[in-house]
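All chains are named by letter (A, B, ...) in the order of the sequence lines, taking the proteins before the strands, and each is independently numbered beginning at 1.
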Amino acid sequence: MRIATWNVNSVRQRLDHLLTWLKECRPDIVCLQEIKCMDDAFPREPIEALGYNVVTHGQKTFNGVALLSKYPLDEATPRLAGDDLDEHARFIEGVVSLKSGVVRVACLYLPNGNPVDTEKYPYKLRWMERLREFTKLRLKTEEPLILAGDFNVIPHARDVHNPAAWANDALFKPETRESFQALLGLGMTDALRAVTDDAGQYTFWDYQAGAWQKNWGIRIDHLLLSPQASDRLVDVGIDKYVRAWEKPSDHVPVWVDLDLEVA
DNA sequence: ATGCCTTAATGTTTAAGA
């Protein structure tokens with residue numbers, strides 16, 4: 001089973017890229033972030049025509065997440081628990097039945113948190129706490145769980161071309177990285193780091209200053225695996241090639257292959 | 001150099017992103 005995540009930076013602007021990539025990558029489950037549209041504006045028909053079930057948690061202009069699945073979604077639950085007043089559309093969890101049990105996939109768009117001297121940074125840290133509480137709860141089930149999305153967290157200096165320039169950024173500040181490590185400490189595995197220690201495994205290149213051409217990238221799109229998912233890990237990939245397409249998203253897709261059998 | 005692009009929308013400018 002191939003599970004992928006991609007921050008498309010507007011699904012309507014990126015529809016041609018998305019359809020082309022779906023046909024090439026052939027993922028079974030896809031987590032999309034920054035769809036930047038309401039549910040009724042999501043281009044579901046051409047995606048359904050490729051064999052996907054589609055569930056969305058959209059928002060006007062900003063944020064918005066979606067799950068695409070070749071298999072029926074037994075459940076699809078929007079919103080991360082822990083703050084009923086949080087109106088941002090940043091989370092949707094789906095459940096797919098396996099021959100033995102289920103697999104849970106949480107699609108998330110973690111807050112950016114910049115500028116750090118505003119309310120945006122504490123909002124990010126609170127959101128990360130809520131994600132830890134959610135994960136703690138799910139881990140008790142001992143089911144395969146995948147947290148997939150744009151975490152807006154650079155985990156380590158090897159994940160950024162110029163660590164010093166990012167030292168005080170919300171994506172790389174010590175508090176941010178410590179909170180991410182605490183999430184891993186619950187028992188989650190950073191899939192990419194399970195297969196390589198290499199530096200420069202970037203998933204995002206800024207539109208500005210020729211960042212792509214200079215390979216000034218960062219790794220902020222992640223798939224975190226529970227022990228029951230990590231035990232089934234076969235492969236991990238970063239589809240860097242789509243960043244070279246015309247009018248690309250600033251993020252590229254990341255995927256894992258897991259040896260799980262669908263019911 | 002805390003913004004050199006890109007996006008959506010109270011649109012001929014602003015806010016947000018990372």
Side-chain angles (χ1 to χ4, degrees), chain A residues 5-18 21 31-43 56-66 86-91 107-128 131 148-177 179-180 192 199-222 238 240 242-254:
Chain A
T5 178
W6 192 8
N7 178 326
V8 289
N9 186 15
S10 170
V11 69
R12 289 177 292 178
Q13 284 294 321
R14 225 64 62 202
L15 183 59
D16 288 348
H17 286 197
L18 176 59
W21 170 77
C31 300
L32 299 178
Q33 302 88 36
E34 285 207 270
I35 64 174
K36 292 189 171 179
C37 66
M38 305 278 272
D39 294 332
D40 58 10
F42 189 92
T56 63
H57 178 38
Q59 179 181 338
K60 193 175 177 181
T61 311
F62 304 119
N63 309 318
V65 289
D86 184 359
E87 293 297 319
H88 291 199
R90 296 181 174 276
F91 185 92
C107 169
L108 63 100
Y109 176 44
L110 208 148
N112 175 301
N114 282 307
V116 296
D117 58 352
T118 68
E119 186 52 34
K120 292 185 178 189
Y121 192 55
Y123 170 62
K124 175 180 193 151
L125 294 178
R126 283 198 306 274
W127 209 95
M128 294 182 82
L131 183 61
D150 175 358
F151 282 70
N152 271 315
V153 174
I154 301 167
H156 190 275
R158 70 170 75 92
D159 298 313
V160 49
H161 77 280
N162 182 4
W166 290 80
N168 296 312
D169 193 281
L171 282 66
F172 193 55
K173 277 174 73 73
E175 298 93 318
T176 305
R177 284 187 278 157
S179 183
F180 185 78
L192 192 279
Q201 301 297 298
Y202 306 139
T203 66
F204 169 95
W205 294 260
D206 201 287
Y207 288 125
Q208 302 182 76
W212 166 248
Q213 288 75 11
K214 297 171 186 164
N215 196 26
W216 288 357
I218 54 179
R219 187 173 75 94
I220 56 175
D221 300 272
H222 309 300
I238 301 173
K240 183 176 175 178
V242 306
R243 188 63 177 77
W245 289 354
E246 195 176 345
K247 299 275 285 177
S249 169
D250 37 9
H251 298 250
V252 298
V254 186

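- For Ile35(A) and dT7(B), the CD1 to C1' distance is 14 Å, given to the nearest whole Å.
- Separation of the C1' atoms belonging to dT10(B) and dA15(B) is 12 Å when rounded to the nearest angstrom.
- Comparing the C1' positions of dA1(B) and dT13(B) gives an interatomic distance of 23 Å, to the nearest angstrom.
- When distances are taken from the side chain of Arg14(A) to each of dT7(B), dA18(B), dG17(B), the shortest belongs to dT7(B).
- Among the protein residues, Asn152(A) comes within range of the sugar-phosphate backbone only, with heavy atoms under 4.0 Å from sugar or phosphate atoms but none that close to a base.
- Residue Lys36(A) holds its NZ atom at 15.0 Å from NZ of Lys60(A), rounded to the nearest 0.5 Å.
- The structure places CH2 of Trp6(A) at 8.0 Å from CZ of Arg14(A), a figure rounded to the nearest 0.5 Å.
- Rounded to whole Å, atom C1' of dT14(B) lies 9 Å from atom CZ of Phe62(A).
- Checking the phosphate oxygens (OP1, OP2) of dT7(B), a side-chain nitrogen or oxygen of Lys247(A) falls inside 4.0 Å.
- The backbone N or O of Leu110(A) sits less than 3.5 Å from a side-chain atom of Asn152(A), completing a donor-acceptor pair.
- At distances below 3.5 Å, not a single donor-acceptor pair connects side-chain atoms of Tyr123(A) with backbone N or O atoms of Asp86(A).
- The nearest heavy atom of DNA chain B to Pro248(A) and to Asn168(A) marks one nucleotide each, and the one closer to the 5' end goes with Asn168(A).
- Applying the 4.0 Å criterion to OP1 and OP2 of dA18(B), one finds that Gln208(A) has every side-chain N and O outside that range.
- Using a distance-only test at 3.5 Å, with no hydrogens or angles considered, a donor-acceptor pair links the side chain of Lys124(A) to the main chain of Asn112(A).
- Using atom P as the reference point in both dA18(B) and dA8(B), the two lie 15 Å apart (nearest Å).
- Comparing the C1' positions of dG11(B) and dT6(B) gives a spacing of 15 Å, expressed to the nearest Å.
- Lys120(A) has its NZ atom 18 Å from the P atom of dT2(B), to the nearest Å.
- Atom-to-atom, CG of Asp250(A) to P of dA18(B) comes out at 7 Å; the value is rounded to the nearest Å.
- For the pair Ile220(A) CD1 and dA18(B) C1', the interatomic distance rounds to 6 Å; values are reported in whole Å.
- Between His251(A) and dA18(B) there is a side-chain polar atom (N or O) within less than 4.0 angstrom of OP1 or OP2.
- Across all strands shown, Asp150(A) has heavy atoms under 4.0 Å from sugar-phosphate atoms exclusively, and none from any base.
- The side chain of Asn112(A) contributes an N or O atom lying less than 4.0 Å from OP1 or OP2 of dA18(B).
- Map Lys36(A) and Pro111(A) each onto its nearest nucleotide of DNA chain B; the residue landing nearer the 5' end is Lys36(A).
- Here the P atom of nucleotide dA18(B) and the NE2 atom of His161(A) are 16 Å apart, to the nearest Å.
- One can place CZ of Phe204(A) at 16 Å from P of dG3(B), the figure rounded to the nearest angstrom.
- Within 6.0 Å of atom CH2 in Trp216(A), 12 or fewer heavy atoms from other residues, nucleotides or ligands are found, so the atom counts as exposed in its surroundings.
- Residue Lys60(A) has a polar side-chain atom (N or O) positioned under 4.0 Å from OP1 or OP2 of dT10(B).
- For the OP1/OP2 pair of dA9(B) and a distance below 4.0 Å, the side-chain nitrogens and oxygens of Thr61(A) include at least one atom meeting the criterion.
- In Asn168(A), the CG atom is not crowded: 12 or fewer heavy atoms of neighbouring residues, nucleotides or ligands sit closer than 6.0 Å.
- Leu15(A) places its CG atom 12 Å from the P atom of dA8(B), with the value rounded to the nearest Å.
- At the heavy-atom level, His88(A) lies nowhere under 4.0 Å from the strands shown.
- Comparing dC4(B) with dA9(B), their P atoms are spaced 23 Å from each other, to the whole Å.
- Side-chain N/O atoms of Arg12(A) include none lying less than 4.0 angstrom from OP1 or OP2 on dT7(B).
- Close to dA18(B), at under 4.0 Å from its OP1 or OP2, lies a side-chain N or O of Tyr109(A).
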